[in-house]
Amino acid sequence: MRGGGRRRDQFAALPDELLKHVLSYLPSRKAVKLSLLSRRWRHLWRSTPAVSVDGKGEGVLLFVNTLLVNREAPLLRSFDIDVDLVVPRALPGSPYNNPEFYDREYLRGEVDPHVDMWVRHALSSKCRSPSLLVRLEDELAPWLPRSPLAFASPNLTTLHLDAVHLVDGLLDFSCCPALLRLALVRCYLEGEALVSPSLAHLAIVDCHTESGADFEVPDEEMYIEISTPKLRFLEISENYDRGQLLHALVDGGERPVCG
C-alpha cells in the first residue's frame with residue numbers, strides 16, 4: 001500500500017502540461033477513462049492536443065460528438081479517425097443522390113455525414129490540426145466529402161485517406177499550401193489530375209479509378225496526371241500501371257524518387 005501511495009504521489013507531482021502530453025498519445029476513449037483515476041485528472045482529457053478515435057455505429061458517433069463539444073484545447077497536433085459508419089444512400093443531401101451516381105451499384109452505401117463535420121472541426125481556424133488521418137472500414141462504401149474544399153487548410157502538412165472517394169476538385173490539394181505528405185489507400189480517384197504545389201511524399205496504394213470502377217474485379221490500365229513539382233518520393237502499388245504514371249511525371253518535368 002505504501003508503495004502504491006508513492007507511485008500516486010509521483011504522478012501527482014507531474015505538471016499538467018506533461019500529463020496532457022502523455023494522454024495525447026493514447027486513444028481518446030482511454031484518455032477519458034484515465035481521468036477517473038484522480039480528481040486532479042478529471043478534466044485533463046479536455047485539453048489534450050490530439051484526438052484518436054475508432055469504432056462503429058451509434059456508440060462512436062455519440063462519443064466523438066460529445067468529445068468535440070467538450071474539448072477545451074485550442075489547437076490540435078493530430079486528428080485520427082478510424083470508423084465504420086455506413087448508412088443508406090438515401091439520406092437527404094447525399095452526394096450520391098446526384099444522377100451521375102445512379103449507376104454506381106457497386107457502392108453499398110455512404111459514410112455518415114458526421115465525418116464531414118469532424119474533419120471541418122479538425123482543420124478549422126480554431127484547431128488547425130497539421131495531421132489528419134481518415135480511415136473507413138469498407139471500400140465499397142467510401143466516404144465522398146460533401147464539400148469540394150473538404151481538406152482546405154493552411155496548416156495541414158500530413159494527410160492519410162483510406163477508403164475515400166475523391167472527385168475532381170478533391171484531387172486538387174492547392175488549397176493545402178503546407179501539405180508535404182499524402183497517402184491514398186483503397187481510395188476511388190475520379191478526375192484527370194492530382195495536383196499539389198507543395199507535396200514532397202506521395203503514396204498511392206490499392207486505389208481505383210473510373211476505368212476500373214468495380215472493386216471486385218482487377219483494374220484496367222488507367223492514366224492520371226500527377227502535377228507535384230516538389231515531389232521527392234513516390235510509392236505506387238497494387239492496381240496502377242507505373243509506366244503510365246511515371247510518363248506523366250517525366251512530361252511534367254518532375255524527378256521524384258520512386259518507391
Side-chain angles (χ1 to χ4, degrees), residues 4-85 87 93 111-137 143 145-147 149-162 164 173 175-183:
R6 282 196 297 272
R7 284 194 293 273
R8 284 194 293 271
D9 290 340
Q10 289 170 351
F11 279 116
L14 296 175
D16 283 356
E17 290 306 313
L18 180 56
L19 290 173
K20 293 175 188 177
H21 181 74
V22 172
L23 289 175
S24 72
Y25 286 95
L26 296 176
S28 294
R29 285 182 184 273
K30 290 187 177 180
V32 173
K33 288 180 179 180
L34 281 175
S35 67
L36 302 176
L37 295 179
S38 166
R39 180 175 297 179
R40 181 189 163 205
W41 290 27
R42 186 167 299 172
H43 301 293
L44 287 179
W45 63 269
R46 298 175 184 265
S47 302
T48 56
V51 170
S52 178
V53 293
D54 60 17
K56 63 186 299 183
E58 292 296 325
V60 72
L61 280 176
L62 178 61
F63 175 78
V64 178
N65 289 338
T66 303
L67 178 73
L68 299 187
V69 166
N70 289 282
R71 282 190 71 256
E72 296 174 352
L75 300 176
L76 278 172
R77 184 188 68 231
S78 63
F79 191 92
D80 298 352
I81 55 175
D82 184 351
V83 294
D84 183 2
L85 293 174
V87 295
V111 173
D112 193 289
H114 278 88
V115 173
D116 294 75
M117 181 186 73
W118 299 342
V119 169
R120 286 198 303 270
H121 175 88
L123 301 181
S124 68
S125 58
K126 176 183 177 181
C127 296
R128 290 180 275 174
S129 176
S131 176
L132 173 65
L133 180 150
V134 182
R135 179 181 291 120
L136 289 310
E137 182 67 24
W143 172 45
R146 292 172 175 243
S147 167
L149 296 176
F151 307 110
S153 167
N155 308 294
L156 190 64
T157 62
T158 302
L159 178 60
H160 181 115
L161 301 176
D162 191 333
V164 177
F173 294 94
C175 56
C176 305
L179 187 64
L180 296 176
R181 301 177 67 87
L182 173 64

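Both backbone and side-chain heavy atoms feed into the values below; hydrogens, waters and symmetry mates do not. If you read the sequence from its start, that first residue is 1, and numbering goes on from there.
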Donor-acceptor pair, side chain of Asp116 and main chain of Arg146, under 3.5 angstrom: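 Yes; judged by distance alone, with no hydrogens or angles, the pair exists.
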Short side-chain to backbone donor-acceptor contact, Arg29 and Ser52, under 3.5 Å: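 Flag not set: sc Arg29 to bb Ser52 has no pair under 3.5 Å.
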Geometric class of the His121/Phe79 ring pair [parallel <30°, tilted 30-60°, perpendicular >60°]: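 Correct class here is tilted.
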So, do [X] and [Y] sit near enough that their side-chain heavy atoms are less than 4.5 Å apart?
X	Y	result
Glu137	Asp54	no
Arg120	Ser147	no
Leu133	Ile81	no
Val164	Pro145	yes
Trp143	Val119	yes
Phe173	Leu159	yes

What heavy-atom pair brings [X] and [Y] nearest, and what distance separates the two atoms?
X	Y	answer
Ala178	Pro154	CB-O, 3.6 Å
Ser28	Val53	CB-CG1, 3.9 Å
Ser131	Ser129	O-OG, 2.7 Å
Ser153	Pro177	O-CD, 3.6 Å
Thr48	Arg71	O-NH2, 3.2 Å
Lys56	Leu85	C-CD2, 4.3 Å

Within 6.0 Å of CD in Glu58, more than 12 heavy atoms from elsewhere: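 No, not enclosed.
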CZ/Arg181: more than 12 non-hydrogen atoms of other groups inside 6.0 Å: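 Not buried by this count: 12 neighbours or fewer within 6.0 Å.
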Matching residue for Asp112 among Val87, Val83, Val60 - test: side-chain contact (heavy atoms from CB on, under 4.5 Å):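 Running side-chain contact (heavy atoms from CB on, under 4.5 Å) over Val87, Val83, Val60 with Asp112 returns exactly one hit, Val87.
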Steps toward side-chain hydrogen bond (donor to acceptor under 3.5 Å, both in side chains) verdict (Trp118, Asn65): CA-CA 8 Å; Trp118 299 342; Asn65 289 338; 2.9 Å; yes
Quick one: pull up [atom1] in [X] and [atom2] in [Y] and give me the separation to the nearest 0.5 Å.
X	Y	atom1	atom2	answer
Leu182	Thr157	CG	OG1	11.5 Å
Leu67	Leu62	CG	CG	11.0 Å
Phe151	Leu179	CZ	CG	10.5 Å
Leu132	Asp80	CG	CG	8.0 Å
Asp84	Leu136	CG	CG	8.0 Å
Arg128	Leu156	CZ	CG	14.0 Å

